[in-house]
Amino acid sequence: LAASNFIADLPKLELHLHIEGTLEPELMFELAGRNGVPLPWPDVASLRAAYDFDCLQSFLDLYYRGASVLVTEQDFFDLTWAYLEHCATDKVRHVEIFFDPQTHTARGIPFATVLGGIERALQAGEETFGISWRLVMSFLRHLSEEEAFATLREAEPFLSRIHGIGLDSGEKGNPPGKFARVYAHCRELGLPVVAHAGEEGPAEYIWQAIRELEVCRIDHGVRAADDPELLRYLADTRLPLTVCPLSNTRLKVFDQMAHHNVLRLLEQGLCVTINSDDPAYFGGYMNANFQALADELGATASQLGRLSLNAVEASWLSLADKARLT
Ligand code: HPA
Ligand code: ZN
C-alpha cells in the first residue's frame, strides 16, 4: 500500500468533520483582508508555525481565533466549497459535517448567514460532484447548558434544514451529563444525536454519552480501550466511533501514529470509522488519514476497506442509499 491507488480509489464517507476546521491558512488571510478582521500572525508561514499543539485546548484557542474571519454568507460558502473540492479529490462520496453556531452568533453573525452559506455550498457540491450530505449542529461544551438551550431556540426556524446534534470543544471538566436535558429535548424533536467523548476525557464520559445523552454515535471514543466492559458493549451493539487518526496524534491523544489503537478496535469488532476532524489544522484530509494507517500501522487493504464499509453502516443514509454506496 505504499504508493496507494487502493486508497485513492476507495470510496469514502466522512462522518466527523468540523467545517470551521477546514479553514486553510491562505483562505484565513484572504477572508481577514476581505472583512478587515485583524489576525495575531503576520503571515501564512507564522500561522502554520503556530500549528504545534500540545493538547486539545491549545488547538481550540487557535481554531476559535481563526474562525473570527468568517463574516458573510459568501465566506461560509467559500469555506465549505473548498472542503468539498478536497472531498471530490479524495473520492469522498458522502459527508456528515459539524458546524458550531455559537462560535459565530456570539460575534453577532446571524444564524441564517452561517447556515445559508454552508448549505448553499453543500447543494452545489451535490450537483457538481455528487457528494450527498447531512448537517450536524454542535453545541460548545465549555459553555453552559442554558446557552445550548438558547442556541436551540435560535435554530428553531431552521430545524428542518439540520439533520442532527453534536457536542464539541474542550472535553475535560465538561462531561456529557452536563447536557442531558438539552439532549433529551433534541431527541424529542426527532433529531439524531452524537457527542465527542473519550478523546481526552475518560471512558466514563463515553458511558455518559451513551446512557445520559442516548447518542447514536460517539465522536473519537478511542479511550474506550481503557474499559473492557465498554469495549464489549461497543462490539455487541456496533455503536459507531468516528475516529480521527491525524487529529489524535497532532493533539497528543497518542504520542505517535504507531501507538494508535484504531486497528485493534477494528479487530475487536467495533464499528470504527476514519475521519479528518479539522484537516486544515491537523495535516491532511481523508486520504491522508487512510494513508497514515497504511504507512505507520501497516493497515491492509482489507482493513481499510472494512473501515470504509463501517462508515456506510454508521452513516445516516437511507438503506437504499447505503446499498448504492456498497
Ligand atoms: N475535539 C473537540 N472539539 C473540537 C474538535 C475536536 O477534535 N475540533 C473542533 N472542535
Ligand atoms: Zn471533532
Side-chain angles (χ1 to χ4, degrees), residues 15-21 56 60 63-64 67-68 70-71 73 75-76 79-80 95-123 133-197 199 201 205-221 239-240 242 277-278 315-316:
L15 307 179
H16 182 162
L17 181 284
H18 304 266
I19 197 62
E20 295 89 348
L56 174 57
L60 290 170
Y63 162 84
Y64 294 129
S68 70
L70 297 161
V71 176
E73 201 213 66
D75 298 342
F76 288 93
L79 173 74
T80 308
V95 299
E96 299 184 4
I97 70 174
F98 298 115
F99 73 112
D100 289 339
Q102 290 161 310
T103 299
H104 313 298
T105 54
R107 301 180 284 119
I109 312 297
F111 196 101
T113 299
V114 178
L115 178 62
I118 296 170
E119 189 183 54
R120 188 160 60 81
L122 288 166
Q123 287 164 345
W133 55 276
R134 300 286 187 274
L135 202 42
V136 185
M137 178 172 82
S138 240
F139 298 126
L140 299 180
R141 70 199 306 159
H142 67 274
L143 302 178
S144 69
E145 188 180 46
E146 193 38 61
E147 286 165 290
F149 267 115
T151 300
L152 185 58
R153 280 194 294 276
E154 212 177 342
E156 225 160 70
F158 309 102
L159 283 183
S160 65
R161 297 155 62 187
I162 291 167
H163 306 100
I165 296 293
L167 184 66
D168 60 14
S169 192
E171 185 178 12
K172 285 182 175 165
N174 297 300
K178 176 178 167 185
F179 296 90
R181 292 174 315 147
V182 73
Y183 262 62
H185 195 74
C186 292
R187 293 195 315 274
E188 281 162 22
L189 291 168
L191 291 163
V193 300
V194 299
H196 284 52
E199 178 185 16
Y205 282 16
I206 302 174
W207 278 125
Q208 271 189 36
I210 294 168
R211 290 172 172 151
E212 298 184 41
L213 304 187
E214 299 182 30
V215 294
C216 62
R217 288 199 296 249
I218 295 285
D219 296 308
H220 293 297
L239 184 79
T242 61
D277 206 5
D278 302 283
S315 77
W316 295 341

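What you see is a predicted model, and the numbers here were worked out from it, not measured in a lab.
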Between the CD1 atom in I118 and the CG atom in D75, the distance rounded to the nearest 0.5 Å is 11.5 Å

Rounded to the nearest 0.5 Å, the CZ atom of F98 sits from the CD1 atom of I165 at a distance of 10.5 Å

Rounded to the nearest 0.5 angstrom, the CZ-CZ distance for F158 and F111 is 6.5 Å

Item to check | Backbone N/O of T113 and side chain of E73: donor-acceptor pair under 3.5 Å | outcome: no

For this session: Decide, yes or no, whether a salt bridge links E212 with R181 under the criterion of side-chain N to carboxylate O below 4.0 Å.
Result: no

Heavy atoms of Y205 and A197 approach each other most closely as O-CB, 3.8 Å

Next item on the list: I would like to know whether S169 and N174 meet side-chain contact (heavy atoms from CB on, under 4.5 Å); could you show each step before the answer?
Entry: CA-CA 9 Å; S169 192; N174 297 300; over 6 Å; no

Evaluate the side-chain proximity of P101 to F139: yes if any heavy-atom separation is below 4.5 Å, no if none is.
no

Within the 4.5 Å heavy-atom criterion, are V193 and R187 side-chain neighbours or not? yes

Stepwise side-chain contact (heavy atoms from CB on, under 4.5 Å) check, Y64 with E20:
CA-CA 9 Å; Y64 294 129; E20 295 89 348; over 6 Å; no

*Find out whether E214 and Y183 are in side-chain contact, i.e. whether some heavy atom of one side chain is under 4.5 Å from a heavy atom of the other.*
no

When rounded to the nearest 0.5 Å, the distance separating CG of L167 from CG of L140 is 8.5 Å

| message | Side chains of E146 and V182, heavy atoms from C-beta outward: is any pair under 4.5 Å? | response | no

#### Entry: Under-4.0 Å salt bridge between R153 and E147
no

Between the SG atom in C186 and the CG atom in L213, the distance rounded to the nearest 0.5 Å is 10.0 Å

Separation between NE2 (H196) and CD1 (I218), nearest 0.5 Å, reads 11.0 Å

Nearest heavy-atom contact between T103 and A67 is CG2-CB, 3.8 Å

Closest non-hydrogen contact found for I162 with L191 is O-CD2, 3.4 Å

Per side-chain contact (heavy atoms from CB on, under 4.5 Å), E96 is matched among H16, R134, H163 by R134

Handout entry: pair L115-L135: side-chain heavy atoms closer than 4.5 Å
Key = yes

Pairwise side-chain contact, I97 with H18, heavy-atom cut-off 4.5 Å (strictly under): no

Under the side-chain contact (heavy atoms from CB on, under 4.5 Å) rule, what do C216 and W316 come out as? Steps first, then yes or no, please.
CA-CA 10 Å; C216 62; W316 295 341; 3.6 Å; yes

Practice task
Compute the centroid of each ring, for F76 and then for H104, and state whether the two points are separated by less than 6.0 Å.
Solution key: yes

Mind running side-chain contact (heavy atoms from CB on, under 4.5 Å) on R141 and F179 for me, showing each step along the way? CA-CA 8 Å; R141 70 199 306 159; F179 296 90; 3.7 Å; yes

Query raised in the report: Does V95 reach the side chain of L122, with side-chain heavy atoms less than 4.5 Å apart?
Result: yes

- prompt: Side chains of I109 and V114: closer than 4.5 Å at any heavy-atom pair?
  reply: yes

Check: So, K178 side chain and L143 main chain: donor-acceptor pair closer than 3.5 Å or not?
Finding: yes

